[in-house]
Amino acid sequence: MLMGTAERRGAPADDGATGVAEEPSAVRPEAPDRDIPAAAPDTRAGERQPGYRPLWREEPARRRRMPDPVRTAAVRAVLVVAVTLILAMVAFLCTLAESWLAFPMVLGSVAGTVVATWGVLDVWVTRQVWNQRHGVVSVPSSTARAMRRERRRARRQARAAERGRGRIGRRGGAGQLSHP
């Protein structure tokens, strides 16, 4: 037995057995097609129907999103590896069929393997450079640590200079007990 939208949502079906005539202003919208849902009655955006069950649950991400340059390199590497695998499969099938195209495809597969290796290494190098420049890795050889140290030193000096200027402005001569 097929269930309509009303039965799935738990709403009473309109079979005309109630004997109560509907008002002309309370006309329910109907869907013109089965795969296009009918417009829901006026409900507030934050309000959910009692029998509502979402299709999926949002879960927080386990890991943070990759930085844009790293993600770009990863997408490029995946595309190159996919094309290389296709070339290798075509080369294998051409070899089985004893086609003249087998030798050029094998050469293309070898070249694709070299380019795919470069692509994967590019992802690795891009990730390492990003981590080192943006302070994600905190090891003694990290350039980010040295840059943070320099910024802290500059901020300390700026604050000390500001305090020194404040002290000079406060020295008016009046109320000084230690100086003649």
Side-chain angles (χ1 to χ4, degrees), residues 1-18 20 22-90 92-93 108-109 111-156 158-159:
M1 178 173 162
L2 293 174
M3 293 176 60
T5 306
E7 289 88 4
R8 280 192 298 242
R9 290 188 180 160
D14 185 26
D15 56 4
T18 59
V20 178
E22 288 188 55
E23 294 178 26
S25 62
V27 176
R28 277 197 240 148
E30 291 189 19
D33 199 0
R34 292 202 97 204
D35 58 346
I36 300 174
D42 292 332
T43 58
R44 284 181 232 138
E47 206 174 281
R48 289 194 177 157
Q49 297 173 353
Y52 176 77
R53 225 179 82 210
L55 292 176
W56 62 83
R57 247 184 350 162
E58 297 255 352
E59 295 179 5
R62 290 191 181 125
R63 295 190 321 179
R64 289 188 358 204
R65 181 174 159 161
M66 280 191 292
D68 287 340
V70 178
R71 193 178 31 216
T72 303
V75 169
R76 187 172 44 240
V78 165
L79 290 175
V80 169
V81 168
V83 169
T84 302
L85 287 174
I86 291 171
L87 279 174
M89 181 61 75
V90 170
F92 176 71
L93 293 175
S109 297
T113 303
V114 170
V115 174
T117 305
W118 168 83
V120 172
L121 285 174
D122 180 42
V123 173
W124 182 68
V125 168
T126 305
R127 184 173 163 267
Q128 295 298 328
V129 167
W130 176 270
N131 286 342
Q132 200 169 41
R133 282 186 185 160
H134 294 87
V136 178
V137 175
S138 184
V139 294
S141 63
S142 173
T143 57
R145 177 180 272 185
M147 287 174 17
R148 279 196 312 262
R149 193 178 298 132
E150 289 172 17
R151 283 194 301 261
R152 278 195 303 262
R153 187 178 302 129
R155 277 194 304 252
R156 256 187 256 123
R159 279 194 306 260

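Predicted model, so just to flag it, every value in this text is computed and none were measured.
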Enquirer: Tell me whether R155 at atom CZ has more than 12 heavy atoms from other residues, nucleotides or ligands lying less than 6.0 Å away.
Expert: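 It does: R155 CZ has more than 12 such atoms within range.
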Enquirer: For R57, check salt bridge (Lys or Arg N to Asp or Glu O under 4.0 Å) against everything at least two apart and list the hits.
Expert: E59
Enquirer: Distance check, rounded to the nearest 0.5 Å: M147 atom CE versus E150 atom CD?
Expert: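 The CE atom of M147 sits 8.0 Å away from the CD atom of E150.
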Enquirer: Excluding sequence neighbours, so at least two apart, what forms side-chain contact (heavy atoms from CB on, under 4.5 Å) with A74?
Expert: M66, V123
Enquirer: Output every pair passing salt bridge (charged side-chain N to carboxylate O under 4.0 Å, His left out) with a member in residues 78-87, not counting sequence neighbours, ordered by first then second residue.
Expert: none
Enquirer: By side chain to side chain donor-acceptor pair (under 3.5 Å), which residues pair with T126, not counting sequence neighbours?
Expert: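 Expected list: D122.
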Enquirer: Between V81 and A116, what is the shortest heavy-atom contact and its length?
Expert: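 So the two residues come closest at CG2-CB, 3.8 Å.
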Enquirer: Who pairs with R62 by side-chain contact (heavy atoms from CB on, under 4.5 Å), at least two apart in sequence or on another chain?
Expert: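 Testing R62 for side-chain contact (heavy atoms from CB on, under 4.5 Å), a comparison that skips the adjacent residues, returns none.
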Enquirer: Applying side-chain contact (heavy atoms from CB on, under 4.5 Å), can you list everything that pairs with V125, at least two apart in sequence or on another chain?
Expert: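 If we apply the side-chain contact (heavy atoms from CB on, under 4.5 Å) test to V125, skipping adjacent residues, the hits are V129.
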